[in-house]
Protein chains: 2
Amino acid sequence: MGRPSIKAERTQEILDAYERCVSRFGVEGSTLEKIAEEAGLRRSSLRHYIGNKDDLLEALVTRFITKSRQSTEELMSCLTAGMDAASLVETLFDESSRDQSLALVAGALIVAGTEYPDVAASLITWIDEFNDGFAKRLRKIWPQCKLRDCQIVATGIIGIYFNVESFSSLGSTEKLNKRSKDAALRLALSLS
Amino acid sequence: MGRPSIKAERTQEILDAYERCVSRFGVEGSTLEKIAEEAGLRRSSLRHYIGNKDDLLEALVTRFITKSRQSTEELMSCLTAGMDAASLVETLFDESSRDQSLALVAGALIVAGTEYPDVAASLITWIDEFNDGFAKRLRKIWPQCKLRDCQIVATGIIGIYFNVESFSSLGSTEKLNKRSKDAALRLALSLS
DNA sequence: TATTTTATTGTCAGTATTGACAATTTAGTG
DNA sequence: CACTAAATTGTCAATACTGACAATAAAATA
């Protein structure tokens, strides 16, 4: 009875808009007005579906980590045993498949972490998870390597990836792109 | 004649405060009020010494890049020919000497770059310069290596460095620190 | 001391932002 | 149609932020 709820969808739409704003203005620069406009809704609706500013941020961080886990899962499943280093790097740095705003949002959240301890804690857990997950996957591809070496290489490649991802949102960064990819490859090759 | 000007000092103080704010709230989140409070001045003084919001940002970016060039210069002079890979990485990742907020400010500026084209352009120039400068220095340490390889390793190490720097501002990240350092070492070793 | 130059503070109007709540509209169900 | 639950819109007061300008105070020199 009553009108059917579209809370789930609207919530996602709002968080999508919030994420776009965060990658443009940062967390503190994303006002409710801007988010509402970006979502094509009234500010009152944001309040109705999620709550105030803090509630929004908490929801965003939670979803960011959840989504990141999923897409990592997907990406990892593309990294098949028996793969060689070159195609691994190629898959990872494939510009068409990557989430353009991942690093930008992560960067903005890191800044926000200095003011919101909960955000900081979530991000630390997240990056550790990310690194460990990727390391395990590398281990499956190169089972003869020590786990420790895989962890080191995983952390290195992810660092390089995040860095180039951040900068490439600024415009043309071919030089940086090419070199980053080659650096990642160099690390990956050190496992085989 | 007339009262002596302290514009130079005040300008630096204001930009210091601005930088601290940016690393906490991001560019869009740093209001003139907050900056003034952080600097221990009235908002009117900011206007007097530098100007409005846009003037402040321009001044900040300019100084950020200038300062970065200087400290890079210093760091580079610590990297002496004949140095081995281990001490190179040790010097670079030395926690006591590094500018805690460099990566955080850089991250915030990158986000701001999506809204301010001039900032974006400056940052791209900056990172390319940074990479090239470091690559040249690596070449001096390992003259037998190809410049191209030095460039790749330089970009890799810098990427890893920025990444861990960003996250370490969030709190305890020993795991990430250790692994990042080892990954950088692995890259450096690949040159010798 | 008078003058000059700069520092420093103050004020004001216009706009933006936020949280809270009220009111209205819409889409299902019995 | 009457009812209900949710969507959607509207309003309001309090506060924050900005740009512009005015006014005062302080430190040097002649």
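Every chain is numbered from 1 and lettered A, B, ... according to where its sequence line falls, protein lines coming before strand lines.
Ring-plane geometry between B:Phe167 and A:Trp126 is classed as tilted, the angle between the planes lying from 30 to 60 degrees on a 0 to 90 degree scale.
Between B:Gly40 and B:Gly2, the one whose closest nucleotide on DNA chain C sits nearer the 5' end is B:Gly2.
Ion pairing between A:Asp99 and A:Lys67 fails under the 4.0 Å rule for side-chain N and carboxylate O. Between A:Arg10 and A:Glu13 there is a salt bridge, with a side-chain nitrogen of the basic residue lying less than 4.0 Å from a carboxylate oxygen of the acidic one. A salt bridge between B:Asp182 and A:Arg148 is present, with a side-chain N of the basic residue lying under 4.0 Å from a carboxylate O of the acidic one. Taking a cutoff of 4.0 Å between a charged side-chain nitrogen and a carboxylate oxygen, A:Lys181 and A:Glu90 qualify as a salt bridge.
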Can you tabulate the close N/O pairs, meaning under 3.5 Å, that link protein atoms to atoms of nucleotides 7-9 of chain D?
from	atom 1	to	atom 2	distance (Å)
D:dA7	OP1	A:Ser5	OG	3.3
D:dA7	OP1	A:Ile6	N	3.4
D:dA7	OP1	A:Lys7	N	3.4
D:dA7	OP2	A:His48	NE2	2.4
D:dA7	O5'	A:Tyr49	OH	3.4
D:dT8	OP1	A:Arg10	NH2	3.1
D:dT8	OP2	A:Arg10	NE	3.0
D:dT8	OP2	A:Tyr49	OH	2.7

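Listed pair B:Lys53 / D:dT18 meets the phosphate criterion, a side-chain N or O lying under 4.0 Å from OP1 or OP2.
Distance A:Arg47 CZ to D:dG10 P: 18 Å, rounded to the nearest Å. A:Leu46 has its CG atom 11 Å from the P atom of C:dG19, to the nearest Å. Here D:dA6 presents its P atom at 17 Å from CD1 of A:Ile50, a figure rounded to the nearest Å. Atom-to-atom, CG of B:Leu32 to P of C:dG14 comes out at 20 Å; the value is rounded to the nearest Å. Atom CD in B:Glu28 sits about 11 Å away from atom P in C:dT17, given to the nearest Å. As a whole-Å value, the separation of A:Asn52 CG from C:dA20 P is 7 Å.
In terms of modelled atom types and a separation under 3.5 Å, the side chain of B:Ser87 and the main chain of B:Met83 share no donor-acceptor contact.
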